[in-house]
Protein chains: 2
Amino acid sequence: MSDNEDAAERIRKAAIALFKTHGYHATPVRALAEVAKIEAGSLYYHFPSKQEILFDNFVRTMDMLLEGLARAVETESTPRRRLRVAVRNHVLFHTRRQDEAFISHTEIRALSEQNRREILAKRDLYEERFCELLRAGVEAGVFHIPDVRLTNIAILTMCSGVADWFLHDGRLDEESVAERYVEMVERLVGYSRSTESSDRKRLPARRRKARR
Amino acid sequence: MSDNEDAAERIRKAAIALFKTHGYHATPVRALAEVAKIEAGSLYYHFPSKQEILFDNFVRTMDMLLEGLARAVETESTPRRRLRVAVRNHVLFHTRRQDEAFISHTEIRALSEQNRREILAKRDLYEERFCELLRAGVEAGVFHIPDVRLTNIAILTMCSGVADWFLHDGRLDEESVAERYVEMVERLVGYSRSTESSDRKRLPARRRKARR
DNA sequence: GTCTATAACTAGATAGAC
DNA sequence: GTCTATCTAGTTATAGAC
């Protein structure tokens with residue numbers, strides 16, 4: 001955190017670090033001020049309240065996610081490729097903006113009711129757009145999903161979970177993790193190149209008979 | 001919450017409800033006392049501190065999870081069946097003990113350092129025992145997993161996520177959700193009855209060639 | 001085992017000088 | 001735009017009566 005940044009940005013970064021480690025309610029404004037190298041009173045020149053600092057982080061995080069998803073859909077044309085890019089994007093966001101994403105998981109309850117409504121609307125929009133990617137693949141016959149809504153939420157929680165455990169100097173770098181998650185998602189959606197070959201692989205009639 | 005329960009139990013249940021809704025730090029002891037139908041001072045006869053009430057919830061939750069996993073492994077013999085029962089057990093725990101499980105996700109940071117160490121040790125133990133189920137299947141040739149540790153964490157976060165969204169009067173009842181999650185996990189581990197048939201399905205030499 | 005009263009402290013936010 | 005000083009309210013926990 002450079003000292004030359006403007007104060008608002010230093011406060012934002014202090015909030016990300018402290019809310020992630022201790023949580024919103026366990027972080028006094030005085031602690032935010034100390035990390036941001038400012039006095040507590042001065043902080044209120046840049047933000048009207050502690051709540052607004054948290055809300056600011058939520059808005060930025062959700063908007064980045066939504067923009068990333070929109071880009072992913074634009075740049076690819078087939079359902080499979082769109083899903084692959086969307087998942088890669090989602091996972092990389094949760095490694096690159098790990099702390100912000102983590103706060104967005106854990107501190108929704110700390111938002112005021114009005115702010116929470118606004119953020120949940122953005123989250124619902126993201127989930128719905130992601131779900132559309134799955135439905136498109138099912139309708140094209142390349143994904144085979146018994147319950148699209150359930151698989152959608154399972155995929156998103158699985159991928160968002162990366163923010164909980166990823167270590168930047170760990171065994172796998174972020175690109176490797178993203179690749180593996182793309183592979184796992186393709187298993188979850190039962191990807192196959194065409195309906196016929198997939199049906200042969202997923203539900204072979206002969207094998208079914210042999211089971212009894 | 002019955003008024004006839006002993007006070008300690010009423011305090012536990014009040015804590016589960018309030019910590020889930022507002023979080024640990026946003027829940028005053030006076031609020032716990034009010035919901036437990038007791039005065040704030042009386043609460044300290046049953047628990048030495050607010051922290052101890054939170055820790056109590058963590059210990060109970062983790063111990064229930066560990067016991068459930070041990071039972072799952074005992075009652076089944078094949079890798080596939082063990083995994084199926086373990087996943088079903090895990091998901092049903094996160095619907096039946098939804099609030100406790102949710103708190104265990106979101107409030108780890110609120111534990112004192114010593115308490116947190118103790119709980120993380122239990123969590124690591126659970127993850128390691130779960131991972132063993134995957135390894136057993138890989139060694140038996142019935143699971144096909146590129147990175148067992150990664151798939152393990154992906155499965156567990158996916159299944160634990162049920163506590164975040166499950167509604168007891170929602171579209172799917174808990175048994176249906178558990179069944180579908182078992183199916184999804186089987187896709188993730190690349191289950192197949194024997195090594196040969198699975199290798200044919202997953203990495204067909206001809207298709208690989210045709211790709212270039 | 002539960003109560004009332006309160007100690008000791010910390011919280012978020014504001015006022016006004018510079 | 002940043003500072004110091006402070007207001008008001010709320011916090012966990014304890015003391016001692018019953």
Side-chain angles (χ1 to χ4, degrees), chain A residues 1-58 103 106-116, chain B residues 1-58 103 106-116:
Chain A
M1 195 180 304
S2 161
D3 293 14
N4 303 347
E5 288 172 307
D6 70 319
E9 193 56 29
R10 293 204 311 274
I11 294 166
R12 276 190 204 97
K13 291 194 176 166
I16 290 165
L18 292 172
F19 291 171
K20 180 241 169 74
T21 307
H22 305 290
Y24 174 78
H25 289 294
T27 302
V29 170
R30 286 165 172 79
L32 289 176
E34 192 180 6
V35 172
K37 296 190 208 298
I38 207 174
E39 289 302 315
S42 313
L43 187 145
Y44 286 89
Y45 176 82
H46 302 281
F47 291 92
S49 67
K50 186 184 165 190
Q51 168 71 205
E52 208 62 27
I53 301 173
L54 179 67
F55 183 56
D56 174 86
N57 179 69
F58 267 93
I103 293 167
T106 50
E107 298 295 342
I108 309 186
R109 292 172 300 177
L111 288 171
S112 70
E113 210 178 299
Q114 197 179 332
N115 287 345
R116 187 166 57 249
Chain B
M1 193 181 304
S2 161
D3 293 13
N4 303 346
E5 288 173 306
D6 70 322
E9 194 57 27
R10 293 203 312 274
I11 293 166
R12 275 190 205 97
K13 292 193 175 169
I16 291 165
L18 292 172
F19 291 171
K20 180 240 170 74
T21 306
H22 305 289
Y24 174 78
H25 289 294
T27 303
V29 172
R30 291 181 205 333
L32 289 176
E34 192 181 7
V35 172
K37 294 190 209 297
I38 204 174
E39 289 302 316
S42 312
L43 187 145
Y44 286 89
Y45 176 82
H46 301 281
F47 290 91
S49 66
K50 185 185 163 188
Q51 168 72 205
E52 209 62 27
I53 300 174
L54 178 68
F55 183 56
D56 173 87
N57 179 68
F58 267 93
I103 293 167
T106 50
E107 297 296 342
I108 309 185
R109 293 172 299 176
L111 288 171
S112 70
E113 210 178 299
Q114 197 179 331
N115 287 345
R116 187 167 58 247

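Proteins come first, then strands; the chains are lettered A, B, ... in the order of their sequence lines, and each starts at number 1. Scope of the values below: all heavy atoms of this structure, side chains included, with no hydrogens, waters or symmetry mates. Treat the numbers as computed from the prediction; the structure is a model and nothing was measured.
Between the CD atom of B:Glu34 and the C1' atom of D:dT12 there is a distance of 17 Å, given to the nearest Å. One can place CG of B:Leu54 at 13 Å from P of D:dT12, the figure rounded to the nearest angstrom. Between the CZ atom of B:Arg30 and the P atom of D:dT11 there is a distance of 7 Å, rounded to whole Å. Separating the NE2 atom of A:His25 from the C1' atom of D:dT11 is a distance of 14 Å, rounded to the nearest angstrom. Protein atom CG of B:Leu18 is 16 Å distant from nucleotide atom C1' of D:dT12, rounded to whole Å. In this entry the distance linking CD of B:Glu52 with P of D:dT14 reads 13 Å, nearest Å. As rounded to whole Å, 7 Å separates atom P of D:dT14 from atom OH of B:Tyr44.
Taken over five-pair windows at either terminus, the axes of the helix from C:dG1-D:dC18 to C:dC18-D:dG1 are inclined to one another by 0° (rounded to 10 degrees).
Atom CZ of B:Phe58 and atom CD1 of B:Ile103 lie 8.0 Å apart (nearest 0.5 Å). Here CG of A:Leu32 is found 5.5 Å from CD1 of A:Ile53. Values are rounded to the nearest 0.5 Å. Distance check: A:Glu52 CD to A:Tyr44 OH gives 12.0 Å after rounding to the nearest 0.5 Å. Taken to the nearest 0.5 Å, the CG atom of B:Asp56 stands 5.0 Å off from the CZ atom of B:Phe47.
Checked by atom type and distance alone, the side chain of A:Arg30 never pairs as donor or acceptor with a backbone atom of A:Ala40 at under 3.5 Å. Using a distance-only test at 3.5 Å, with no hydrogens or angles considered, a donor-acceptor pair links the side chain of B:Lys50 to the main chain of B:Thr27. Using modelled atom types, one side-chain atom of B:Gln51 and one backbone atom of B:Ser112 make a donor-acceptor pair closer than 3.5 Å.
Crowding of B:Glu34 atom CD: a count of heavy atoms from other residues, nucleotides or ligands under 6.0 Å not exceeding 12.
Nucleic acid contact for A:Ala7: sugar-phosphate only, since backbone atoms but no base atoms lie under 4.0 Å from a heavy atom of the residue.
Two residues, A:Gly41 and A:Tyr45, neighbour DNA chain D, and the one matched to the more 5' nucleotide by heavy-atom proximity is A:Tyr45.
Using a 4.0 Å cutoff to heavy atoms of chain B, the contacted part of DNA chain C runs 5' to 3' from C:dG1 to C:dT4.
For the pairing with A:Glu5, the salt bridge (charged side-chain N to carboxylate O under 4.0 Å, His left out) check across A:Arg10, A:Lys13, A:Arg12 returns one residue only, A:Lys13.
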